Colleague: 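Next up is a structure, given as structure tokens.
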Amino acid sequence: MFLKRLALQHYRNYAHVDIAIDHNVNIFVGPNAQGKTNLLEAIFVLALTKSHRTHQDKELLDWNGGETVLHAELERRYGTCTLDLSLSAKGKKAKINGLEQKKLSNFIGTMNVVMFAPEDLEIVKGNPGVRRRFLDMEIGQVHPGYLYELSQYQKILQQRNNLLKQIPGRGGVDLDMLGVWNEQLAQHGVKIMKKRQSFIKKLQTWAEHIHAGITAGGETLRIDYAPSLPLSDEPEEAVLFDQFMIKLSQVKDQELRRGMTLVGPHRDDLLFYINGKEAHVYGSQGQQRTTALSLKLAEIELIREEVGEYPLLLLDDVLSELDEHRQTQLIQTFQSKVQTFITTTGIESVHLDRLEGASVFQVRQGHVTGKD
Amino acid sequence: MFYPEPISRLIDAFSRLPGVGPKTAGRLAFHVLRMKEDDVLDFAKALVNVKRGLHYCSVCCNITDIDPCRICQDKSRDRSVICVVQEPKDLVAMERTKEFQGYYHVLHGAISPMEGIGPDQIHIPELLKRLSDESVQELILATNPNVEGEATAMYLSRLVKGFGLKVTRIAHGLPVGGDLEYADEVTLTKALEGRREL
């Protein structure tokens with residue numbers, strides 16, 4: 001897909017900006033704190049209706065007030081469409097081709113994006129929660145049903161944890177009640193685990209290939225799903241359900257003592273191995289960054305597989321952190337097929353000579369000026 | 001408060017109702033001021049009666065002004081089936097179908113540990129008593145298709161295992177008369193899971 005126009009009104013530090021885009025590679029250049037990332041964020045918000053940086057939607061509104069409207073013109077395989085998203089203290093309104101969408105979920109996924117920002121290093125370095133969030137965001141972007149299962153699971157988990165906390169206090173153990181929540185937890189948990197397993201498997205295939213390319217065959221990347229209970233390859237849902245229930249009965253005493261649920265997808269993790277060694281323990285800063293990059297590029301391919309078109313790639317201030325070889329690899333990967341938006345403080349840090357037909361935009365204090 | 005005491009008390013009373021903020025409460029209170037005295041008296045009586053005149057049916061736990069309630073007194077209904085619902089509103093919805101001829105049991109809630117609602121806080125003991133006394137053969141679980149309703153249904157089905165009953169759960173899936181293409185993904189997935197052989 002190709003973004004032809006981006007117009008923002010009263011968005012963060014932008015009073016009004018209208019950018020016509022006609023190249024595959026677009027670079028936003030400017031000093032710090034001018035609003036470069038805000039532009040990428042706006043594209044991200046148009047795709048997913050929420051920001052990658054904050055959970056607080058009100059942060060997106062204009063600092064000086066006024067109605068916030070984001071507008072995009074997108075060229076897809078089957079023709080062009082326009083996206084409008086207006087944000088206010090009351091909520092969000094989304095329109096596709098001028099038609100208001102009653103459900104935001106209908107709007108999400110019209111435009112697909114993959115964002116790579118400095119904080120994505122946390123996917124490799126950070127705690128398991130960051131990796132689960134990554135999984136959920138990505139699977140949710142292509143499988144709408146997944147987010148529903150996930151929200152059901154979270155509710156059941158909360159209820160069950162509450163029950164586990166009450167039981168010791170009441171004296172008697174209501175095992176019938178716990179059994180009911182076990183069954184519900186396992187029912188939904190199993191579905192989430194299966195979705196995650198198949199997603200990670202596909203991700204692994206692509207990431208391994210891409211990682212080998214970026215490192216010129218020097219490194220092998222392996223991604224492993226580390227669920228909280230052992231998982232065989234492509235298990236039957238019923239079999240997995242039984243295993244889940246058995247595991248729950250095994251940890252019952254421990255759970256009652258600690259008052260929390262110890263088994264389930266909420267304790268899943270992803271493990272990255274570079275040449276057989278765990279990346280978040282033994283990997284260098286550079287290796288960890290390359291791993292994160294491989295993941296993001298793999299995601300691009302995955303989205304293409306699922307929706308039949310390449311998503312937009314948003315690179316927030318990450319190009320300059322890669323060495324020249326990796327930059328070349330990256331640029332070669334996307335140049336012809338993936339429309340890319342890059343922010344950087346200085347054009348020198350990006351090797352522009354390899355970019356044919358790139359647009360450069362200067363970003364200064366909420367104003368964007370084009371320059372070819 | 002700037003209003004005389006009676007009116008500010010009335011505003012305060014209105015603002016305790018769900019969905020009514022201080023401004024609406026004020027508007028309602030001043031409307032009452034303009035109403036005819038008879039109408040106000042009727043209104044007040046209706047309010048008091050709903051509290052004094054209504055209680056739970058000793059059989060099915062539905063709200064009623066006579067005991068047992070009209071449905072439980074109706075001898076023409078099918079004694080062998082009890083349909084379990086969460087709220088009196090759900091019972092009314094089921095009645096509107098005119099298809100269900102059995103009796104009901106109203107739980108007044110669903111199991112939710114987060115809100116401190118366990119089996120004893122909703123009317124499950126009363127249901128068990130009915131099952132051991134009566135000639136019931138089937139229990140239809142018509143609690144809501146959400147996490148709490150599902151848990152309640154599952155709990156009940158385990159609880160009544162010893163009674164040798166047929167226990168059924170209402171189906172969920174596509175709305176009737178709609179087009180398949182307008183169904184959301186989740187509903188459609190559920191409908192697919194619940195498909196049956198023809």
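These numbers were taken from a predicted model, which means no experiment stands behind them. Note on naming: letters A, B, ... go to the chains in the order of the sequence lines (proteins, then strands), and numbering restarts at 1 for each one. In what follows, every heavy atom counts, from backbone to side chain, and hydrogens, waters and symmetry copies are set aside.
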Colleague: For the side chain to side chain contact (heavy atoms under 4.5 Å, CB included) test, which of L163(A), L178(A), N161(A) pairs with P113(B)?
Modeller: L163(A)
Colleague: For Q187(A), is it the side chain, the backbone, both or neither that has a heavy atom under 4.5 Å from a heavy atom of chain B?
Modeller: side chain
Colleague: Distance only, no hydrogens: is a donor on one side chain within 3.5 Å (strictly under) of an acceptor on the other, for E150(B) and Q184(A)?
Modeller: no
Colleague: Select one option (side chain, backbone, both, neither) describing which atoms of K161(B) are under 4.5 Å from chain A's heavy atoms.
Modeller: neither
Colleague: If you count every heavy atom of other residues, nucleotides or ligands that lies below 6.0 Å from K93(A) atom NZ, does the total exceed 12?
Modeller: no
Colleague: Using a 6.0 Å cut-off, check whether atom CD of E193(B) has over 12 heavy atoms from anything other than its own residue.
Modeller: yes
Colleague: Which heavy atom in A151(B) sits nearest to a heavy atom in V180(A), and how many Å separate them?
Modeller: O-CG1, 3.3 Å
Colleague: In terms of heavy-atom contacts, does NZ of K92(A) have more than 12 from other residues, nucleotides or ligands at under 6.0 Å?
Modeller: yes
Colleague: Counting only non-hydrogen atoms closer than 4.5 Å, does V147(B) touch chain A with its backbone (N, CA, C, O), its side chain (CB onward), both, or neither?
Modeller: both
Colleague: Give, as side chain, backbone, both or neither, the part of S112(B) having an atom under 4.5 angstrom from any heavy atom of chain A.
Modeller: both
Colleague: With a cut-off of 6.0 Å (strictly less than), are more than 12 heavy atoms of other residues, nucleotides or ligands near CZ of F163(B)?
Modeller: yes
Colleague: Would you confirm whether E183(A), through its side chain, and M154(B), through its main-chain N or O, come within 3.5 Å as a donor-acceptor pair?
Modeller: no
Colleague: Quick check on R16(B): does its CZ atom have over 12 non-hydrogen neighbours (other residues, nucleotides or ligands) under 6.0 Å away?
Modeller: no
Colleague: Just how far is it from atom CG of N146(B) to atom CD1 of I156(A), taken to the nearest 0.5 Å?
Modeller: 10.0 Å
Colleague: Supply the atom-to-atom distance Y148(A) OH to T187(B) OG1, rounded to the nearest 0.5 angstrom.
Modeller: 8.0 Å
Colleague: Is it true that atom CD of E236(A) has more than 12 heavy atoms of other residues, nucleotides or ligands lying nearer than 6.0 Å?
Modeller: no
Colleague: In terms of heavy-atom proximity below 4.5 Å to chain A, should L159(B) be classed as side chain, backbone, both, or neither?
Modeller: side chain
Colleague: Can you confirm whether more than 12 heavy atoms, excluding those of K190(B), are under 6.0 Å from its NZ atom?
Modeller: yes
Colleague: Nearest 0.5 angstrom please: M114(B) CE to Q158(A) CD, how far?
Modeller: 4.0 Å
Colleague: I need the minimum non-hydrogen distance between M177(A) and I111(B), along with the two atoms involved.
Modeller: CE-CG2, 3.1 Å
